[in-house]
Amino acid sequence: MNIGYACLAVGVADTQIKGCTIRNATDSRIAELAGENLSAVERMLEYNGLMNIRLFRMSSDIIPFAGNPVNTLDWSMLLAPQLAALGDKAKSLGIRLSMHPGQYTVLNSPRGDVVEAAIRDLAYHTAFMDAMGLGIENKIILHVGGGYGNHLEAMERFALHAEYLSPEIRNRLVLENDERIFNIEEVLELSETVKLPVVFDLLHHQANPSAPGGSPEIWMGAAAKTWKPKDGPPKVHYSQQDQGKKKGAHSTTISLDGFFDFIEMAQSYNPDIMLEVKDKNLSAVKCINALAEDKKINRLEQEWGRYKYNILEHAPEGYNRIRLLLKQKTAYPVRDFYTIIDGSLETPVTAGNARNAAEHVWGYFKDQADTSEKARFERLLSGYGKVKNAAPSMKAFLMKLQDKYQDEYLKGTLYFYLP
DNA sequence: TGACGTCAAGATCCG
DNA sequence: CGGATCTTGACGTCA
């Protein structure tokens, strides 16, 4: 049961996927960006390997405007060595990869131009994974598309258009229930016709349920059965509702209470679990630690090193509670640990706490900083409670100092990355 | 015609 | 000039 996250790694240096607008999308600019993006993905894979994250969804934007006619670059040829090396890295680290074209790739459209664009887009995703040399258990997840006022016809059109896809594309393709149009029951029905596996997305199911009679367990089991041995272990998407936002909006982080309930339900199918959550890799690490078989406090101590200055900034009392919690070296209080972390991060930052945390972090640099840096720090410090963006400005400044001085104890801290 | 989702790019403003 | 803040982009469907 691998647990993974999608597209971007929070708090991992130099992993941003860069793009450009269509009017700047010359082949040379695209080649430049694609090369940088492949390096960014490489760093994400290395991070995943270090953190024991064995499931990862790659961004669709690694090759800018791939599948769009403005991109005439022969990227798979040009970048072949880099792509192959990236695939080898994923394999050697045991990371299962996937890709997920967005809501604008619509294979079942009645419009010919839209279908052609969708096929080009799927061909890009397939060519990308093929160039990496990935086996077909590394999947491309796709929604069914539009409803057009008649779901049955829309599903038939999907099946018809799926016939036009190359075997290479079909081998990787997986269907997913969506939060507005096609529910899990319909997707499973379509899966029988088109012979494609199905990802069950629990939050989508809750937002867009099928007719009464099935439970999430039953649908998850039915979806799991659509996966053949060549497809690898079944995959599910798990996310939690952001309580403050509209239905279907992903939460900031995964709460372990809900996650444990989900695991109880899912474990008999032994699926790979893709988390869809705003804090991305951070929740993946949390969930992996929650299920870890070697329950060593060291896992939590490492996490503490990453979060401590954020906690100090949000809730100094949480800081003290965790220090007490981690004193018991033989225990593994993973649930309490993350409950305090999550609760503290939800606590609004006060000017005084932000100032205090900034002074702690400054402590790592104050002996090396030059006079202008010292002056800058003092000026930013005096802004707390007066200037509107005092806290983010200070963080940006301290992050630059970290770039320059590379303090060992601050390496990997989330202080610079979380608000 | 705007909302939807997504988040960096690009544009503009400010000191 | 650098930094902060606002707006746009790119896609297709649906209300």
Side-chain angles (χ1 to χ4, degrees), chain A residues 5-11 14-26 29-30 32-34 36-37 40 57-71 99-122 124-125 141-151 153-155 157-158 161 176 178-182 201 203-204 207-208 237 239 241-242 245-252 276-280 372-373 375-376 379-380 383 386-401 403 417 419:
Chain A
Y5 67 99
C7 302
L8 67 96
V10 174
D14 304 316
T15 57
Q16 264 116 272
I17 301 297
K18 291 179 192 161
C20 62
T21 51
I22 235 169
R23 66 194 177 92
N24 296 327
T26 60
R29 181 63 182 143
I30 289 171
E32 192 182 324
L33 288 166
E36 290 174 23
N37 288 342
R57 178 193 299 163
M58 295 185 286
S59 165
S60 291
D61 300 326
I62 296 168
I63 314 290
F65 297 103
N68 184 313
V70 300
N71 181 343
M99 295 180 92
H100 187 17
Q103 58 181 307
Y104 301 111
T105 301
V106 184
L107 187 63
N108 77 337
S109 176
R111 282 173 49 187
D113 59 333
V114 172
V115 178
E116 279 171 28
I119 293 175
R120 278 199 305 272
D121 192 47
L122 292 173
Y124 150 60
H125 285 86
I141 319 295
L142 185 68
H143 291 296
V144 179
Y148 310 99
N150 186 332
H151 283 206
E153 276 181 18
M155 284 156 69
R157 206 161 43 241
F158 185 101
H161 297 169
E176 182 194 348
D178 67 81
E179 79 278 30
R180 296 189 305 138
I181 305 169
F182 291 98
D201 184 307
L203 193 69
H204 290 167
N208 181 23
H237 289 176
S239 45
Q241 173 67 41
D242 185 325
K245 300 228 174 102
K246 62 163 60 178
K247 210 172 179 184
H250 295 155
S251 63
T252 310
E276 293 178 324
V277 58
K278 291 212 190 72
D279 73 357
K280 305 284 181 182
S372 80
E373 287 161 348
R376 180 96 205 272
R379 197 157 51 80
L380 287 166
K386 295 178 200 157
V387 181
K388 198 170 127 211
N389 293 298
S393 302
M394 175 65 95
K395 279 197 189 188
F397 169 65
L398 291 171
M399 189 170 171
K400 279 193 177 167
L401 292 183
D403 273 348
Y417 297 93

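Letters A, B, ... mirror the listed sequences (proteins, then strands); counts begin at 1. Only this structure's heavy atoms are used, side chains among them; waters, hydrogens and symmetry mates stay out.
Checked against side chain to side chain donor-acceptor pair (under 3.5 Å), A/Asp403 has no partners two or more places apart in sequence or in another chain. For A/Asp121, the side chain to side chain donor-acceptor pair (under 3.5 Å) criterion is met by A/Thr105, not counting sequence neighbours. Looking at residues two or more places apart in sequence or on another chain, you find no side chain to side chain donor-acceptor pair (under 3.5 Å) involving A/Gln241. Partners of A/Glu179 according to the side chain to side chain donor-acceptor pair (under 3.5 Å) rule, which considers only residues two or more places apart in sequence or in another chain, do not exist here. A/His151 pairs by the ring pair (Phe, Tyr, Trp, His ring centres under 6.0 Å) definition with A/Phe182, not counting sequence neighbours. Checked against ring pair (Phe, Tyr, Trp, His ring centres under 6.0 Å), A/Phe158 has no partners two or more places apart in sequence or in another chain.
Listed by residue number, the members of residues 111-120 of chain A with any heavy atom below 4.0 angstrom from DNA chain C are A/Arg111, A/Val114.
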Mind listing the side-chain donor-acceptor pairs of residues 57-67 of chain A below 3.5 Å, one per line with the distance, residues two or more places apart or on another chain?
residue	atom	partner	partner atom	Å
A/Arg57	NH2	A/Glu276	OE2	2.8
A/Ser59	OG	A/Asp61	N	2.9
A/Ser60	OG	A/His125	NE2	2.7

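In this structure, A/Asn24 reaches the sugar-phosphate backbone alone: every heavy-atom distance under 4.0 Å involves primed, P, OP1 or OP2 atoms, never a base. Nucleic acid contact for A/Asn68: sugar-phosphate only, since backbone atoms but no base atoms lie under 4.0 Å from a heavy atom of the residue. Heavy atoms of A/Gly145 sit nowhere under 4.0 angstrom from any nucleic acid atom. Among the heavy atoms of the strands lying under 4.0 Å from A/Lys246 are primed sugar atoms or P, OP1, OP2 only; no base atom is included. The residue A/Gln103 sits close to a base: some heavy atom pair falls under 4.0 Å. At a threshold of 4.0 angstrom between heavy atoms, the contacts of A/Thr105 with the nucleic acid are absent.
The shortest distance between the side-chain N/O atoms of A/Tyr148 and the OP1/OP2 oxygens of C/dT13 is below 4.0 Å.
For residues 101-112 of chain A, every residue pair satisfying the salt bridge (Lys or Arg N to Asp or Glu O under 4.0 Å) rule, not counting sequence neighbours, is listed here: A/Arg111-A/Asp113.
Within the 4.5 Å cutoff, the side chain of A/Ile181 has no heavy atoms near those of the A/His143 side chain. In this structure the side chain of A/Asn108 reaches within 4.5 angstrom of the side chain of A/Val144, judged on heavy atoms. Looking at heavy atoms from C-beta onward, A/Arg120 lies in side-chain contact with A/Pro69 at the 4.5 angstrom threshold. Taking the side chain as every heavy atom from C-beta outward, A/Ile30 and A/Leu33 never approach each other to under 4.5 Å.
Comparing A/Tyr104 and A/Arg180 by the nucleotide of DNA chain C whose heavy atom lies nearest to each, the residue mapping closer to the 5' end is A/Tyr104.
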Set out, line by line, the N/O atom pairs under 3.5 Å between protein and nucleotides 1-3 of chain C.
residue	atom	partner	partner atom	Å
C/dG3	OP1	A/Lys400	NZ	2.9

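Here the C1' atom of nucleotide C/dC14 and the CG atom of A/Asn208 are 14 Å apart, to the nearest Å. Rounded to an integer number of Å, the gap from CZ of A/Phe182 to C1' of C/dC14 is 13 Å.
Rounded to 10 degrees, the angle separating the terminal axes of the helix from B/dT1-C/dA15 to B/dG15-C/dC1 is 70°, with each axis obtained from five end pairs.
Between A/Glu32 and A/Arg29 there is a salt bridge, since a side-chain N of the basic residue sits under 4.0 Å from a carboxylate O of the acidic one.
Side-chain N or O atoms of A/Lys18 include none that pairs as donor or acceptor with a backbone N or O of A/Asn37 at under 3.5 Å.
Protein chain A contacts DNA chain B from B/dC4 to B/dA11, reading 5' to 3' and using non-hydrogen atoms of the protein with a distance under 4.0 Å.
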